[in-house]
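Just below is one structure, and these are the notes that go with it.
These figures come from a predicted structure and were not determined experimentally. Atoms within each ligand, like the ligands themselves, are counted from 1 in listed order. One-based numbering along the sequence shown.
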Amino acid sequence: MSFADREQPKTICLFDVDGTLTPARLSISPEMKATLQALRKKCVIGFVGGSDFSKQVEQLGSDVLDQFDFCFSENGLTAYKLGQALPSASFIGWIGEEKYNELTKFILRYLADLDLPVRRGTFIEFRKGMVNVSPIGRNASTQERNDYEKYDLEHKIREKMVQALKDNFPDLPLTYSIGGQISFDVFPTGWDKTYCLRHIESEGFEQIHFFGDKAYKGGNDYEIYTDERTIGHAVKNPEDTQAILKELFKL
Ligand code: M1P
């Protein structure tokens, strides 16, 4: 299906979710929703986030498949075009049970030996395209998240843990990405946000704009932001995203 109903059918805007379309882990604002719907008249729109689809539904709304032309969860391992599922891949299929076991045993032992002021639950989240590791645990409240982020910055908990993983699994082609407040993602090298671009390769887009707030080296938007196929826009927050869109597309 083409996008001939758009003013610029050969242009697509792809958005990171946390910090770009929504405040971290929170819901999209009515203003951002309205801006995106105005943009959708001009060009094709999609989002690409590291979280799984159910979390993106919580943040972007239960009608997300109707609101975006392309929905890319877990960097595009789960993908939809105009509400229809596209072919998907999985981390466990790639790594195999044996190696995965070795990796999680190491992670759990390492976490158990950490001295931390606060621990909550869900330290490893098994996702389709990656594992997400959180020293405090993903059940932390918003306040606990904010406190942990500061603690982590000071004590470099995640940075040191990533180094330990790299040292202990030198042969596994894995990428470690500290993209959020309390955790880091572990996924096969190349399965970063550029993964989603393979789903739109055959669409013949002439301009692929990407907007992300973690476009700096080491951030989880860096690879797609710097990819030669995209025009990257580094944003400070959702308000900044809206301001850039209004300027670029005369909304
Ligand atoms: O989208 C950025 C990151 O958001 C969450 O990170 P955290 O819970 O640490 O703030 C996670 O969903 C993570 O996978 C994702 O990269």
Side-chain angles (χ1 to χ4, degrees), residues 14-28 32 46-60 64 68 71-78 90-91 103-104 107 111 114 116 118-162 165 174-196 210-225 234-238 241:
L14 288 175
F15 300 93
D16 160 57
V17 180
D18 279 308
T20 300
L21 288 183
T22 76
R25 296 303 301 132
L26 300 178
S27 299
I28 192 167
M32 178 63 90
F47 69 81
V48 51
S51 299
D52 63 18
F53 185 67
S54 64
K55 295 216 175 66
Q56 290 159 345
V57 166
E58 279 171 27
Q59 287 179 270
L60 301 174
V64 72
F68 290 85
C71 301
F72 297 126
S73 308
E74 303 192 55
N75 294 347
L77 294 171
T78 296
S90 77
F91 177 70
L103 190 69
T104 47
I107 290 171
L111 290 174
L114 280 178
L116 290 177
V118 172
R119 276 192 167 82
R120 294 295 176 258
T122 314
F123 303 103
I124 299 182
E125 187 170 81
F126 177 79
R127 298 179 181 170
K128 192 170 157 194
M130 66 173 77
V131 282
N132 176 267
V133 181
S134 173
I136 184 177
R138 301 206 57 75
N139 297 353
S141 66
T142 302
Q143 185 59 54
E144 288 160 353
R145 281 179 156 267
N146 296 340
D147 294 344
Y148 177 82
E149 193 178 19
K150 284 192 206 117
Y151 185 88
D152 189 276
L153 206 64
E154 195 185 330
H155 298 273
K156 307 207 178 317
I157 305 287
R158 289 181 288 176
E159 209 179 296
K160 287 181 197 160
M161 185 167 179
V162 163
L165 281 159
L174 288 169
T175 294
Y176 304 90
S177 168
I178 303 175
Q181 287 182 290
I182 58 160
S183 65
F184 61 90
D185 297 327
V186 184
F187 51 85
T189 299
W191 289 22
D192 49 58
K193 285 183 184 166
T194 59
Y195 188 95
C196 78
F210 171 76
F211 299 77
D213 69 319
K214 299 208 170 53
Y216 47 83
K217 200 161 177 24
N220 65 2
D221 295 326
Y222 178 75
E223 290 83 2
I224 189 167
Y225 170 75
V235 305
K236 294 186 195 80
N237 49 44
T241 307

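Considering backbone and side-chain atoms together, Gly50 places no N or O closer than 3.5 Å to any N or O of ligand 1. Considering both main-chain and side-chain atoms, Asn132 comes within under 3.5 Å of ligand 1 through a nitrogen or oxygen pair. Not one N or O of Arg25 is nearer than 3.5 Å to an N or O of ligand 1, by distance alone. Close N/O approach between Asp16 and ligand 1 is not found [any backbone or side-chain N/O within under 3.5 Å].
Phe15 and Phe211 have parallel rings, their planes meeting at less than 30° on a 0 to 90° scale where 60° marks the start of perpendicular.
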As a quick check of understanding, evaluate salt bridge (Lys or Arg N to Asp or Glu O under 4.0 Å) for Lys193 and Asp221, giving each step before the final call.
CA-CA 7 Å; Lys193 285 183 184 166; Asp221 295 326; 2.6 Å; yes

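Heavy atoms of Arg127 come nearer than 4.0 angstrom to ligand 1 in at least one pair. Within the structure, the closest approach of Gly49 to ligand 1 does not fall below 4.0 Å when heavy atoms are considered. Under the 4.0 angstrom criterion for non-hydrogen atoms, Lys55 is not in contact with ligand 1.
Using a 4.0 Å cut-off between a side-chain N of Lys or Arg and a carboxylate O of Asp or Glu, Glu144 and Arg120 qualify as a salt bridge.
Residue Arg138 holds the heavy atom nearest to atom 5 (C) of ligand 1 of all those in Glu125, Gln181, Arg138.
The side chain to side chain contact (heavy atoms under 4.5 Å, CB included) test with Val186 is passed by exactly one of Ile124, Val131, Asn132: Val131.
At least one side-chain heavy atom of Leu116 sits less than 4.5 Å from a side-chain heavy atom of Tyr151.
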